[in-house]
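Quick note: numbers below take in every heavy atom, side chains included, and nothing from hydrogens, waters or symmetry partners. Quick caveat: nothing in here was measured; it's all calculated off a predicted structure. Every chain is numbered from 1 and lettered A, B, ... according to where its sequence line falls, protein lines coming before strand lines.
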Amino acid sequence: MPELPEVQTVLSGVIPKLGSKEILGLECYYPGTVIDKLSPQDQAFPARLRQGYRRGKYMILEMTSGFALIIHLRMTGKLVWDKDDGEPKAHERAAILVSGGHRLRFIDIRTFGKITLLPSARVHEALPKLGAEPLLQGFGAAYLSEQLAKSKRPIKTALLDQRVVAGLGNIYVCEILYEAGVNPFRPCNELDSEEFARIAAATKLILAQALMHNGTSISDFRRVDDKAGEFQNFLKVYQQESCPQGHEVKKVKQSGRSTYLCPVCQK
DNA sequence: CAATGATCCTGTCCGC
DNA sequence: TGCGGACAGGATCATT
């Protein structure tokens, strides 16, 4: 599922495709996929891309017209660069039309993904409250400890909370906690500063490695050019039978989600 | 306020 | 071969 490394990988592919081409419009083929916050007389198109950036799992495309698109892939969303034959493909919920006969197809089997069109000045208020960017300096052992030291929540649940850390999902949280040697069920308030430090370091390490390998193609994640990521080849516990030490990996339900862990390596 | 559960949705896989 | 059910899980909203 698209988490920070996958979203960043998709965005890094989208930016050069749009390049200096003209963005002609935004079409919606499934009710609710496009959230249009403009009044009818507003002119968002045509425009060019001014800048594209990521915040948590959100992609933000700011256009020269002063308007912006916020794109969230949720679970099955994909952005596919393709020739424009004027027809939406299977599961295509929306499309960004581009000059030169191309379109960026928003393909999303389970329809949870969203594209929001709004004035650039309102992007900040339109995004939900998000925690620290895990790859930036503000995120570290001190931040995690400050955020979580008093919480009784299991550490895994806390790391999935986008208000604490922006961009983590089920796959990377499982991998991070294995790397840190911390059991996902441990309550946050029972973790010591050394364990918070290991979790923070593991977060940065795992995300950097995943980014280097263009994300994880579990199920059907693809880049804009339809290439798969490669980090699935480096997973140590998620959907694995045994950990690198040869211990059996356990799969257990934790607040409705599958948690993969090695009970021997993770204390 | 914190924690849990339901909800949205469809393709895939498993057992019978 | 077909069918029902479990499962996948990000984010939001409702409930306890």
Side-chain angles (χ1 to χ4, degrees), chain A residues 1-11 28-35 37 54-60 70-80 88-94 105-116 123 125-131 133-134 146-177 184-191 207 210 215-222 228-229 231-232 235 237-241 249-261:
Chain A
M1 316 299 137
E3 306 177 29
L4 186 153
E6 290 76 33
V7 174
Q8 184 67 52
T9 299
V10 168
L11 178 63
C28 183
Y29 309 113
Y30 184 90
T33 295
V34 169
I35 302 165
K37 301 210 168 195
R54 179 193 57 73
R55 176 78 174 100
K57 297 171 191 168
Y58 295 84
M59 282 177 267
I60 295 105
I70 301 177
I71 304 174
H72 198 302
L73 303 173
R74 290 287 188 104
M75 279 141 57
T76 55
K78 294 194 282 187
L79 288 175
V80 178
K89 294 218 160 151
H91 304 123
E92 187 170 339
R93 310 304 184 187
R105 302 181 191 271
F106 186 75
I107 294 177
D108 183 17
I109 290 173
R110 285 166 70 181
T111 72
F112 292 168
K114 296 276 181 278
I115 299 181
T116 305
V123 166
E125 66 189 55
L127 291 174
K129 290 272 172 282
L130 293 169
E133 279 293 327
E146 174 198 321
Q147 290 283 311
L148 302 178
K150 289 175 187 163
S151 171
K152 293 175 184 171
R153 285 197 288 182
I155 181 62
K156 190 209 176 193
T157 309
L159 291 176
L160 282 173
D161 187 342
Q162 302 299 300
R163 295 168 299 183
V164 177
V165 188
L168 301 183
N170 204 38
I171 297 175
Y172 292 110
V173 169
C174 290
E175 292 296 310
I176 286 163
L177 289 173
F185 289 88
R186 292 273 302 284
C188 293
N189 61 1
E190 292 176 15
L191 297 174
L207 292 179
T216 302
S217 287
I218 290 283
S219 75
D220 62 351
F221 166 69
R222 289 294 184 279
F231 194 68
Q232 65 277 10
L235 296 174
V237 285
Y238 189 82
Q239 292 188 355
Q240 304 302 302
E241 295 287 322
V249 168
K250 297 283 183 198
K251 177 187 178 185
V252 284
K253 278 282 174 203
Q254 188 174 13
S255 59
R257 310 260 162 83
S258 293
T259 291
Y260 292 82
L261 77 152

(message) Can you check the distance between dC13(C) and dC9(B), where both ends of the measurement are the P atom (answer in whole Å)?
(response) 15 Å
(message) Under 4.0 Å from OP1 or OP2 of dG11(B): is there any side-chain N or O of H91(A) that close?
(response) yes
(request) Grab the NZ-P distance between K156(A) and dA3(B) for me, whole Å please. (result) 16 Å
(request) Can you tell me the distance, in whole Å, between the CD atom of Q239(A) and the P atom of dT12(B)? (result) 15 Å
(request) Measure the shortest side-chain to side-chain distance between L235(A) and I171(A) over non-hydrogen atoms and say whether it is less than 4.5 angstrom. (result) yes
(message) If you count every heavy atom of other residues, nucleotides or ligands that lies below 6.0 Å from E125(A) atom CD, does the total exceed 12?
(response) yes
(message) Test your reading of the model: is there a side-chain donor-acceptor pair from R54(A) to the backbone of G56(A), 3.5 Å cut-off?
(response) yes
(request) Could you tell me whether K57(A) and E3(A) have a side-chain N and a carboxylate O separated by less than 4.0 Å? (result) no
(request) Starting at atom CD1 of I109(A), determine the distance to atom C1' of dC7(C), rounded to an integer number of angstrom. (result) 15 Å
(request) Could you point out which residue of K250(A), Q254(A), K253(A) forms a side chain to side chain donor-acceptor pair (under 3.5 Å) with T259(A)? (result) Q254(A)
(message) So if I define the base as every atom that isn't primed, P, OP1 or OP2, how would nucleotides 10-16 of chain C read as a B/S/- string at a heavy-atom cutoff under 4.0 Å?
(response) BBS----
(message) I want to verify a distance call: between dA8(C), dA3(B), dG11(B), whose nearest atom is closest to the Y238(A) side chain?
(response) dA8(C)
(request) Would you mind telling me which of dA8(C), dA3(B), dG11(B) lies closest to the side-chain atoms of S258(A)? (result) dA8(C)
(message) Contact between E175(A) and V237(A) at the side-chain level, heavy atoms closer than 4.5 Å - yes or no?
(response) yes
(message) On DNA chain B, does the nearest nucleotide to T157(A) precede the nearest nucleotide to R93(A) from the 5' side, or the other way round? Give the residue.
(response) T157(A)
(request) Starting from P on dA6(C), measure out to NZ on K253(A) and report it in whole angstrom. (result) 12 Å
(message) Please classify the nucleic acid contact of K150(A) as base, sugar-phosphate, or nothing, using heavy-atom distances under 4.0 Å.
(response) nothing
